[in-house]
Amino acid sequence: MTKILLVEDNEMNRDMLSRRLQRKGYVVVMAVDGGEGVAMAASEQPDLILMDMSLPVLNGWDATRQIKACPALKHIPIIALTAHAMASDREQALAAGCDGYETKPIELPQLLEKIESLLRRA
Amino acid sequence: MVAQVLDLRLAAIAERVRAVVGPATEPISAAAATLAAAASATAVADEISQIGKAARLLVEMVETCLPEMEEDGSIETTCSRLRHDLRTPLVALKGYGELVLEIATDEGLDAVSAALGPLLEGVADVMVAIERALPAMSHAMAVEEGSEGDGPGLASYPSGRVLVADDSQANRDVLVKYLSREGHDVVAVADGLAAVEAVFEQPFDVVLLDMIMPGMNGDEVLKAIKAEPRLRLLPVIMISALDALDSIVRCIEAGAEDYLPKPFNRVLLRARIGACLEKKRLREVELSYLRAVEKELTIAREVQRSILPKAFPAHRSLAGHGLMDPAREIGGDFYDFFALDDDRVGIAVGDVSGKGVPAAVYMAMVRTQLRATALFGLSPAECLYRLNDHLSADNAEGMFVSLFYGIIDCGTGVFTYANGGHNWPILLRADGSVEWVKGTDDLLVGVIHGSAYHNAALELAAGDSLFVYTDGVVEAIDSAEAEFGKDRLAAVLADKAGLAPEMLCGGVLTAVRTFEGGLPHSDDLTCVAVRFLGGQADASRFEMRIANAIAEISRLISAVQAFLLRREVAAETAYPLAMAVEEAVANVIRHGYADSEPHAITVRLACDGGQWIAEVVDDGVSFDPTTRVSDNGGFHIGLLLIKTMVDEIEYIREADCNRLRMIKSSPRSRMPPP
């Protein structure tokens, strides 16, 4: 079973996306801020992380940097989720160490394709 | 004060969100209510209640919209934050909506499915409304967009037929709605294959192509369009998420005109479609201009072709041929040949300044005027003089022509010519030697009013050829920009001595084309060749007609001398005889006419036994020199001179003409003086 860690502060969107992913057969664990996201990455050892970028406590970029700095976790692919569709957002996310990038609202088929391709690579 | 102004701006933003986004949320609320009321919805009750929650949140956020200035004090950052917040419930609505649609489709909950279409469309519309109210691109656009969407100050674009290919129903609907509102005629398809079918079957002005579609992706559709010659110029805009920059670059390299990032920004969409249509319109304007130019060129070519003579005048002792290989843009070359009388043929080659239609029209004028003047029987220099005066008198465009005109006397082989700034022709002797027919250093025709032109003459023997051409021959260049040149032309001709005129012209054209190595001429290329086949059957006779102009005398005397020389008449006979002819003709021209009309004077030479007889016939006033020689005064000094040059003169008036015969005995047969 593929386990995905979803880091998202908005309760409604966290619930929505987890439901959609579970329906597609993934096991989904959730964190509500960047700090919790880093902690759960270590404790849950997910196969892939979906990381919202505008998070409280520790934002998505910093959380990504911490995960990617950790030798035990850096192999986990991270897809950045952001509400902005600016080219600079993508560059910032990739610079922080994200392996992929999706804008909200999510196009699910596109996201699933990206998840699968990153899992194949990992 | 500053804070107050800023607050006013924030209030304006809030007002704008309420006015623009508020109405767009209504279909969402309605759809959420329909979903909540669907009795059979237990399987998706949770999700439906979340949809209701998100819809209420959205409405509340819009109604109570009160943006706070961000810490950096920037209106742009504030709007960005607001846009982000407003989109959050939309992200949930879209996600839950799609999830419920999936489940409802699986479970066959038709009532639920039916309500989801309007919900998802509503979400897309609100996204658009948010972009309109709070455009992300720049302030300039926020101002341009205006609250009604189509305020003044927006650039106006042409409308056209647009094909939208996108597998997402919501995207298609949004695009169709936008573009229709802009006045475009929109056709939407849901996959790549349908897009290809549509563009091959119907005319479109622009295609919007989603990158990722089931079956056939956008880049494959793009390839299919660009591979079809008929559709190669059809502009294609790729629709793509921004993170697909690599594939966008690949598509642009493969011929895509532009790309459009998702989610759509209405202003950007409008500008890109508009720019595409504008470019296409300009291309079409350019194309129609090109067609007009092509048509003009065809007219010019037609004029040029129609003024060239169809055939060389038939003559037993002369053969001739002309050809012109036009440049793509008419260069203004022409040639002409025409019979002046039974024995004389006029030959002209000219090159008009400039190109295209003006050159063709000027050329036609030169040709007509030259013929009109030449057919009066005037000498070449006289023709060029008159033509120059006509052309230079009214020449606002500053056009001119380099013109070579000569007259061949088929009886004697004497060629009299004048050269108005044209390339020196070539005299190709029967034995292969080449002589340049040097010019008289006279000016181009049409430049300076009153310019003088001079006659020169040469004699052609049987088998000799004249080759007249334009600079298109000698200035033809090869791929290394080297010129064909005069020496190469002379060498080509030297090899072809004794060949028919067609062979000379054709041979030179072939040599030039080979030299050019397949490059097109930059100028017209014209060759005229004339081959003299030999004089009259009775070579002991000479006859020539000239006009009653002093300028004609030199031409006549050249011919007389050439004839006597060829007949190997001794100088002591030839010289006085020629001088007597000159005096007699000059007398007629100066004093023989009561009017100022052009007249012809005929001169004949014949050998009769031991004596030469020169005869001058004119249609001037009746005048018997034999009875007037003894009169006093300078008027008759010329006659006195004639008397001393020849042995005898006889005069007859017949058929309204004066016929003066001057008889000179050959030295051998001359009687010793008494």
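Here the structure is a predicted model, which is why all the values come from computation and not from measurement. Proteins get letters first, then strands, A, B, ... in listed order; numbering begins at 1 in each.
- The shortest side-chain heavy-atom distance between E102(B) and K24(A) falls under the 4.5 Å cut-off.
- Of all the listed residues (K53(B), E98(B), Q50(B), M127(B)), the one sharing the greatest number of non-hydrogen pairs under 4.5 Å with chain A is E98(B).
- Counting heavy-atom neighbours within 6.0 Å of E11(A) CD, excluding the residue itself, gives a total of 12 or less.
- Atom CG of L57(B) sits about 5.5 Å away from atom CE of M12(A), to the nearest 0.5 Å.
- Residue contact with chain A, scored on non-hydrogen atoms closer than 4.5 Å, involves the backbone and the side chain of I103(B) alike.
- Neither the backbone nor the side chain of D85(B) comes within contact range of chain A; no heavy atom of the residue lies under 4.5 Å from a heavy atom of that chain.
- Atom-to-atom distance recorded for N13(A):CG and Y96(B):OH is 7.5 Å, nearest 0.5 angstrom.
- R87(B) places a side-chain N or O within donor-acceptor distance of the main-chain N or O of K104(A), the cut-off being under 3.5 Å.
- The closest side-chain heavy-atom distance from M16(A) to V91(B) is below 4.5 Å.
- Between chain A and the residues S168(B), G95(B), A92(B), A54(B), the largest count of heavy-atom pairs under 4.5 Å involves G95(B).
- At a threshold of 4.5 Å between non-hydrogen side-chain atoms, the residues R23(A) and D106(B) count as touching.
- Note that the NZ atom of K94(B) and the CG atom of L108(A) stand 9.0 Å from one another [nearest 0.5 Å].
- Shown here is Q45(A), whose CD atom has more than 12 heavy atoms of other residues, nucleotides or ligands within 6.0 Å.
- When the shell of 6.0 Å around NZ of K74(A) is examined, it contains 12 or fewer heavy atoms from other residues, nucleotides or ligands.
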